[in-house]
Amino acid sequence: MSKYIFVTGGVVSSLGKGIAAASLAKLLEARGLKIAIIKCDPYLNVDPGTMNPYQHGEVYVTDDGAETDLDLGHYERFTHARVTKDSCITAGKVYYSVITKERRGDYLGKTVQIIPHITDEIKERLKRISKTNDVDVTIVEIGGTVGDIESLPFLEAIRQLRWELGENYAINIHVTLLPFIKSAGEQKTKPTQHSVGRLREIGIIPNILLCRTEKPITQEQREKIALFCNVDVEAVVEALDVKHIYEVPCSLKKQGLDELVLKKLNIKLPDKGLKSWEEGVVKRLRSPSREVKIAVVGKYITLQDAYKSIYEALVHGGIANNVRVNVIKVDSEGVEKGDPKKIFKDVHGILIPGGFGSRGIEGKIRTVQYARENKIPFFGICLGMQIATIEFARNACGMKDANSTEFNKETKNPIISLLEEQRKVKNMGASMRLGVYTCSIQKGSKSFDAYKSNKISERHRHRYEFNNEYRPALQEKGLMIAGRNEEKDLVEIIEIKEHPWFVGCQFHPEFKSKPDAAHPLFKAFIEAAVGKAKG
Ligand code: GLN
């Protein structure tokens with residue numbers, strides 16, 4: 001039977017609960033435990049697929065095609081846990097399921113209520129995941145901050161589960177903040193006391209407090225927090241700010257978090273250390289041999305979380321090449337009016353990530369033209385690949401009005417368009433081409449060099465596709481169809497032969513990149529950028 005660790009958050013949002021949960025999972029895996037890791041999100045959307053990046057940040061896609069919270073990206077990057085559509089439980093999913101059951105008559109005669117029907121549904125889902133994956137420990141992160149009205153059913157569900165399972169089978173880690181007040185020169189513990197108080201009101205006493213802090217905690221403060229929050233002194237764990245997120249597992253290990261958790265769960269396992277992570281990831285991050293500058297051109301560049309997996313995959317590409325990747329975030333609308341020569345001065349590679357809607361599109365097309373004509377390594381992902389194709393049709397094949405029907409339905413040259421199956425779609429939720437599809441790779445292409453394989457599989461999230469009618473015209477002018485989905489005869493990768501490194505892919509390789517196993521295309525892109533930097 002799986003044991004459970006519930007991770008809640010207090011005081012403020014954005015405390016890095018997801019990274020803390022993923023790091024703990026990493027530490028427990030290093031001890032030899034099999035882990036499942038789940039995110040509970042209290043909002044009423046069934047999934048974040050229909051949300052704007054300003055609301056939610058990146059939408060992370062799993063192999064089985066679920067559109068999920070970006071914390072699942074951290075889980076996959078830090079661990080080997082299997083992440084699927086079940087790993088993301090939203091209030092929307094839970095209510096949808098309970099109401100569907102009510103309509104079907106499953107609760108005939110009863111009043112359907114938050115307690116027990118919604119809470120039972122949450123508990124069942126949590127248990128099902130542990131059981132299907134046959135894991136030793138299930139880590140459950142509850143989104144939001146304690147005190148939010150929305151998260152109450154989730155907190156009640158974990159309270160019940162803890163009570164049902166008993167001591168040593170389920171624990172709660174509460175992540176809080178110790179703000180440092182400069183004028184007083186002091187760290188404040190009161191917000192933590194209050195948030196633990198809110199937890200206690202609903203019957204949850206945390207076993208461990210993970211305290212986010214800029215400065216080390218003194219013994220005196222530890223004792224004070226322990227006394228007022230009902231936890232052991234040793235269970236007040238300091239989570240100091242670190243330079244890079246991949247240092248968090250090492251920093252928490254230094255604080256003895258894994259040992260403490262195992263003790264509370266009554267699990268005895270030898271400590272095998274974290275050597276390969278420390279040497280293969282952290283050490284390389286700290287002492288790279290040189291730096292490359294990569295421009296990421298998008299419309300959500302002001303938002304740190306909008307292209308989360310892209311930024312992380314670039315870091316991984318850097319680790320694999322032993323270089324630091326310095327990302328320059330470029331607003332695509334700015335490129336419409338500005339001078340690309342100035343904007344991309346000293347840049348060693350340009351990446352255009354995925355996106356939706358027409359804002360900033362012309363700036364992205366100008367960006368591709370600049371990268372193509374000036375032989376700057378270029379990586380186009382999903383929308384980025386579609387833009388690269390449009391640019392090539394316009395400027396290398398003379399089809400001046402080439403476009404995607406997403407941006408201009410009337411264009412005479414719909415280089416990118418909808419397949420018949422997408423034209424019929426009425427509901428916007430979960431109806432894109434989603435999840436893993438196979439792709440055959442052309443020998444002799446840059447992609448083949450990178451993957452060293454002619455059969456790969458990658459995750460998708462888009463509606464529009466390369467229009468096959470234009471294949472011959474574009475190929476004739478030097479566009480290479482480097483990857484294809486054979487089953488549906490779809491273009492998955494394009495390249496330009498006469499260019500040092502110009503690759504566009506319809507899928508999202510960033511979702512499968514890890515710090516200790518960079519995605520082959522990101523590794524190759526950064527390698528090409530290093531080549532450019534060396535001149
Ligand atoms: N908007 C494009 C489409 O739906 C690209 C999507 C994306 O980049 N994820 O096909």
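Numbers for residues simply follow the sequence, beginning at 1. Order of listing sets the numbers, starting from 1, for every ligand and every atom in it.
Between His460 and His462, the ring planes are tilted. Angles from 30° to 60° get that label.
By the 4.5 Å heavy-atom criterion applied to side chains, Lys534 and His348 are not counted as neighbours.
Near His508, the atoms of ligand 1 lying under 4.0 angstrom from a non-hydrogen atom of the residue are 9 (N). For ligand 1, the atoms lying closer than 4.0 Å to a non-hydrogen atom of Cys382 are 5 (C), 6 (C), 7 (C), 8 (O), 9 (N). Close approach of ligand 1 to Glu406 (heavy-atom distance below 4.0 Å) involves ligand atoms 1 (N), 2 (C), 3 (C).
Closest protein heavy atom to atom 5 (C) of ligand 1: Gly355 O, 3.3 Å. The nearest heavy-atom contact from the protein to atom 10 (O) of ligand 1 is Tyr464 N, 2.8 Å. When only non-hydrogen protein atoms are considered, atom 4 (O) of ligand 1 lies nearest to Arg463 N, 3.0 Å.
For the 3.5 Å distance criterion, the side chains of His56 and Asp69 qualify, holding a donor opposite an acceptor. With no hydrogens or angles considered, a side-chain donor-acceptor pair links Arg463 and Ser431 at under 3.5 Å.
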Fill in: Trace of the salt bridge (charged side-chain N to carboxylate O under 4.0 Å, His left out) decision for Lys446 with Asp449
CA-CA 5 Å; Lys446 297 276 190 323; Asp449 292 347; over 6 Å; no

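Between Glu492 and Arg433 there is a salt bridge, since at least one side-chain N of the basic residue sits less than 4.0 Å from a carboxylate O of the acidic one.
In this structure, Arg433 falls outside the shell of residues with a heavy atom less than 4.0 angstrom from ligand 1.
Polar contact check, Phe356 against ligand 1: no nitrogen or oxygen pair lies under 3.5 Å apart. For ligand 1, the polar-atom distance check finds no N/O of Gly354 at less than 3.5 Å from any of the ligand's N/O atoms.
Contact annotation: for Arg461 versus ligand 1, heavy atoms closer than 4.0 Å belong to the backbone alone. The proximity of Gln386 to ligand 1, defined as any non-hydrogen pair under 4.0 Å, is limited to the side chain.
Separation of the Tyr246 and His316 ring centroids falls under the 6.0 Å cut-off.
Phe448 meets the ring-ring contact (aromatic ring centres under 6.0 Å, His included) test with no other residue; sequence neighbours excluded.
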